[in-house]
Amino acid sequence: MTDCIFCKIISGEVKSQIIYEDDFCVAFKDLNPQAPTHILIVPKKHIENIAAAGEDDALVLGKLQLAAAKIAKENNIKDFRLVANNGKGAGQSVMHLHYHLMAGRRFLWPAG
Ligand code: 5GP
Ligand code: ZN
């Protein structure tokens, strides 16, 4: 998608600190971190959010979560929070599906 900041990061048009990449997803550091570790894991395919995903996206959705587990393991992170905001009312500001992988501090529950 031409006007999507995460598509631009995936294509390299916009610079970011990419820390992981495979055939399905890219992970990079959040520009405005809310925890000592705050990584965004995004599919290479532009999907707006989880609600917009279809049956065809089952593999990529699984790959995103497996990428999160891999990144955590590679960084010796045992406890982490994996969050996907779905829709503006739930705090989604970038309309390209992404998981926030956050670690390194205490997290409250229920989430704020
Ligand atoms: P959301 O609010 O949609 O769940 O999360 C979007 C996240 O993307 C925010 O945490 C925000 O800091 C991050 N973000 C927005 N624009 C950029 C950018 O250009 N580069 C990076 N690395 N992160 C971004
Ligand atoms: Zn996109």
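One-based numbering, in listed order, for ligands and for the atoms of each.
When ring centroids are compared, F80 and F107 stay outside the 6.0 Å threshold.
Residue-level check: among N/O/S atoms of H46, ND1 sits closest to the Zn ion (ligand 2). Of all N/O/S atoms in H96, ND1 sits nearest the Zn ion (ligand 2).
Protein heavy atom at the shortest distance from atom 22 (N) of ligand 1 is K29 O, 2.8 Å. The nearest heavy-atom contact from the protein to atom 3 (O) of ligand 1 is S93 N, 2.7 Å. Looking only at heavy atoms of the protein, atom 15 (C) of ligand 1 is closest to V94 CG2, 4.1 Å. Of the protein's heavy atoms, D30 OD1, 2.5 Å lies nearest to atom 12 (O) of ligand 1.
Annotation: S16 places no N or O atom under 3.5 Å from an N or O atom of ligand 1; distance criterion only. In terms of N/O distances under 3.5 Å, ligand 1 is not approached by H38. Geometrically, ligand 1 and G91 share a nitrogen or oxygen pair separated by less than 3.5 Å. Considering backbone and side-chain N/O atoms, L40 never comes within less than 3.5 Å of an N/O atom of ligand 1.
Heavy atoms from both the backbone and the side chain of L31 come within less than 4.0 Å of ligand 1. With a 4.0 Å cut-off on non-hydrogen atoms, I9 touches ligand 1 through its side chain and not its backbone. Contact annotation for H100 and ligand 1: only side-chain heavy atoms (C-beta onward) come within less than 4.0 Å of the ligand. Of the heavy atoms in H98, only side-chain atoms (C-beta onward) come closer than 4.0 Å to ligand 1. For I5, every heavy-atom contact with ligand 1 shorter than 4.0 Å involves the side chain, none the backbone.
Here is the list of ligand 1 atoms found below 4.0 Å of a heavy atom in N32: 12 (O). The atoms of ligand 1 that sit less than 4.0 Å from any heavy atom of N85 are 4 (O). Every atom of ligand 1 with a heavy atom of Q92 under 4.0 Å away is listed here by number and element: 3 (O). Residue-ligand proximity, F6 to ligand 1, at heavy-atom distances under 4.0 Å covers atoms 8 (O).
Put simply, the side chain of L40 reaches to within 4.5 Å of the side chain of F6, judged on heavy atoms. Annotation: side chain of P43 is in contact with side chain of H96 (closest heavy-atom distance under 4.5 Å). For the pair Q34 and N32, the minimum side-chain heavy-atom distance is below 4.5 Å. At a threshold of 4.5 Å between non-hydrogen side-chain atoms, the residues I39 and D30 do not count as touching.
The existence of a salt bridge linking D22 and K63 is excluded, since no basic side-chain nitrogen approaches an acidic carboxylate oxygen closer than 4.0 Å.
Rounded to the nearest 0.5 Å, atoms CG (N86) and CG (L97) are 8.5 Å apart. Put simply, NZ on K44 and CD on E21 are 3.5 Å apart, with the number rounded to the nearest 0.5 Å.
The aromatic rings of H38 and H100 are tilted relative to each other, their planes meeting at an angle between 30° and 60°.
Residues V94 and Y99 fall into different hydrophobic clusters, defined by Ile, Leu, Val, Met, Phe, Trp and Tyr side chains chained together at heavy-atom separations under 4.5 Å.
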(request) For side-chain contact (heavy atoms from CB on, under 4.5 Å), just list the numbers for H46 and M95, CA-CA rounded to whole Å, side-chain angles, deciding distance to a tenth of an Å, and then say yes or no. (result) CA-CA 9 Å; H46 180 92; M95 292 298 144; 5.6 Å; no
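C25 approaches A67 most closely through the heavy-atom pair SG-CB, 3.8 Å.
Not close to ligand 1: V83, with no non-hydrogen atom less than 4.0 angstrom away.
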